[in-house]
Engineer: 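The structure under discussion is supplied below as structure tokens; questions concerning it will follow.
Both backbone and side-chain heavy atoms feed into the values below; hydrogens, waters and symmetry mates do not. We number each residue from 1, following the sequence as shown. First listed ligand is number 1; within each ligand, the first listed atom is number 1. In this text, all values refer to a predicted model and were calculated from it rather than measured experimentally.
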Amino acid sequence: MMPQPQWRTLQQHAGPLQRRHLRELFAADPARGSRLQAEAAGLYLDFSKQRVNDETLRLLLALADARGLAERIAAMFRGDRINTTEDRAVLHIALRAPAGMHIAVDGKDVVADVHAVLDRMAAFADRVRSGKWTGYSGQPICNVVSIGIGGSDLGPVMAYEALQHYSQREMTFHFVSNVDGSDFVEATRNLDPAETLFIICSKTFTTQETLTNARAARAWCLRALGDTGTDGSEVVARHFVAVSTNAAEVVKFGIDAENMFGFWDWVGGRYSMDSAIGLSTMLAIGPEHFRALLAGFHAMDMHFRNAPLDRNLPALMGLLAVWNANFLGAATVAVLPYAHYLKRFPAYLQQLAMESNGKHVTREGSPVDYATGPVYWGEPGTNGQHSFYQLIHQGTQLVPCDFIGFCQPLNPLDDQHDLLMANLFAQSEALAFGKSADAVKAEVMPAALVPHRTFEGNRPSNTLLAERLTPYTLGALVALYEHSVFVQGVIWDIDSFDQWGVELGKALARRTAAEIASEGDPELAHDSSTNTLIARYRRLRQSIA
Ligand code: F6P
């Protein structure tokens, strides 16, 4: 239940405001476009094209107050166990805290541990990048294959793509996540095992997909490099490292604890790209750029902790997301980076936002009677414009958009960057202001076409603008979304840091895999649809085998 009177006041406020067009709101306040903005850690947020006025913001901030947002932020930064269903602290902010800062879990400072791992990662990255770390047959490492899934994959892939401009181009980087064998086979197709390093990333080191792919990688390596003694452990020692919180399972798999980089249970998988899970990122861009990435995260963390909520970027973005979801009825958010390097950013955000806030009960376990986490999706601009933007402009769903753009290109190519950014500005303008029927009629055309060519407008968006896509900016951008997701979870009174919803499918898959593998004719005790599908699969699978 959402008991707060502030919620009801917002509902009452939303009714009349829904009827006011953004054209009107802009006309009533000529300074709106330069006024409704906030800036931090190199990111400028223009939220003037959201369907809000000053009163909306005041009411949203009152709701945040009633929900105790300031205290919840303080609790997270203090290391309180705010992930209540897993009884864990939530301290990804400690991963980017500078050396010397003090953050304690159960009375023990964790920042020193974080820096000890960062230093080991940096020493390892330097050895690999300089060619001093060699494979079993003495060749330097040219290819890195990171194996992981979910938070142990999406962050590393996204960051590698986003920062490719800064990466060591003599090395190639590949990411394997899917248990579909095609993922592994295609990723390793052209690689020489003698020059390939595998990073097995798994917080728990029990994830079926990751361990299956890791075993495939070990077999692939040993097949090519030969069995070197009793168990091939020397090959594994030169070609495999692990990132995990579970040393016992890493060792059981055959990776030397010396070659393991650790992190901690107070880092959620989807909040871990700046932990040792980012080892592939560090190998690609080098330790110095990785530290700049952490500095960007930290700058946004400090802003989130210290800035007043009405000037606080993550707080404002989170509250605007709540406004769109709960008071304007938007079920999705489109994330539209006008930077090709950010092409995996929407996929990364999907896990961050949807695994965090796709919840149906409050922290106390009562069913919610309001919408929680919306669906996040998106594609880089301008590609989306020629595909799904039609629906955003003229469809019947309200799709709030986050546009993300940079003022300086990383690859200046004639005027292409200006064209790219012109498209970003044009899209947010068209969405907000549309094109009235009168304006369409004025352009002489068959009257029958007027409704088809009319743009209602009044479609809300944020625009995030930064100077340049750098490691620092990427860190700030990711931290902005992390904290915005947290703010939304606080308003919805849910645990944004657990993910019990993924468990049922995992358990059923284990049972089904055993049934599929069984020799005889197993008695299937699922529903009639699942029974039929499994039986049919077994029959056709066997006839091919
Ligand atoms: O199944 C969901 C999940 O638990 C995610 O939360 C996590 O990021 C992913 O699986 C991978 O888990 P691990 O890093 O333990 O392999």
Side-chain angles (χ1 to χ4, degrees), residues 82-92 95 117 121 145-160 175-180 183-184 198-218 240-253 255 260-281 344-359 373 376 478 481-482 485-486 489 494-513:
I82 60 168
N83 177 359
T84 47
T85 72
E86 294 180 328
D87 192 25
R88 286 178 182 165
V90 174
L91 273 180
H92 40 277
L95 296 171
V117 174
M121 287 166 64
V145 181
S146 180
I147 296 180
I149 197 162
S152 297
D153 171 65
L154 288 161
V157 186
M158 181 278 287
Y160 170 68
F175 298 85
V176 175
S177 53
N178 202 320
V179 77
D180 182 343
D183 197 7
F184 178 83
F198 288 95
I199 309 177
I200 313 299
C201 295
S202 176
K203 181 176 169 182
T204 55
F205 228 77
T206 56
T207 303
Q208 187 193 52
E209 292 89 335
T210 300
L211 290 186
T212 306
N213 280 319
R215 282 191 285 270
R218 189 173 53 190
F240 284 77
V241 298
V243 180
S244 186
T245 59
N246 190 344
E249 285 299 322
V250 168
V251 171
K252 204 151 100 193
F253 179 84
I255 297 177
M260 171 181 149
F261 299 87
F263 60 116
W264 306 269
D265 74 355
W266 42 262
V267 183
R270 53 192 175 274
Y271 297 87
S272 67
M273 60 166 275
D274 47 345
S275 71
I277 289 289
L279 183 60
S280 58
T281 314
R344 294 294 285 163
F345 192 62
Y348 170 77
L349 276 191
Q350 280 181 333
Q351 188 198 12
L352 180 67
M354 291 159 75
E355 200 169 57
S356 296
N357 286 343
K359 307 290 163 65
Y376 276 71
V478 173
Y481 275 95
E482 285 177 345
V485 162
F486 172 71
I494 55 180
D495 187 335
S496 297
F497 300 103
D498 62 13
Q499 57 284 317
W500 299 107
V502 301
E503 294 304 326
L504 176 59
K506 284 187 196 172
L508 289 175
R510 275 195 295 275
R511 168 181 159 196
T512 307

Engineer: Are E355 and V502 side-chain neighbours, meaning at least one heavy-atom pair lies under 4.5 Å?
Structural biologist: yes
Engineer: Do you know the tightest heavy-atom contact between S272 and G151?
Structural biologist: OG-O, 3.5 Å
Engineer: When you compare the side chain of N246 with that of T204, does any pair of heavy atoms fall below 4.5 Å?
Structural biologist: no
Engineer: Could you walk me through whether Y348 and Y481 pass the ring-ring contact (aromatic ring centres under 6.0 Å, His included) test, one step at a time?
Structural biologist: CA-CA 11 Å; Y348 170 77; Y481 275 95; 9.0 Å; no
Engineer: Can you list every protein residue that has a heavy atom under 4.0 Å from any atom of ligand 1, sorted by chain and residue number?
Structural biologist: I149, G150, G151, S152, S202, K203, T204, T207, G269, Q351, E355, Q499, V502, K506
Engineer: Which atoms form the tightest heavy-atom contact between S496 and Y271, and what is the distance?
Structural biologist: O-OH, 4.0 Å
Engineer: For atom CZ of R344, is the number of surrounding heavy atoms from other residues, nucleotides or ligands below 6.0 Å larger than 12?
Structural biologist: no
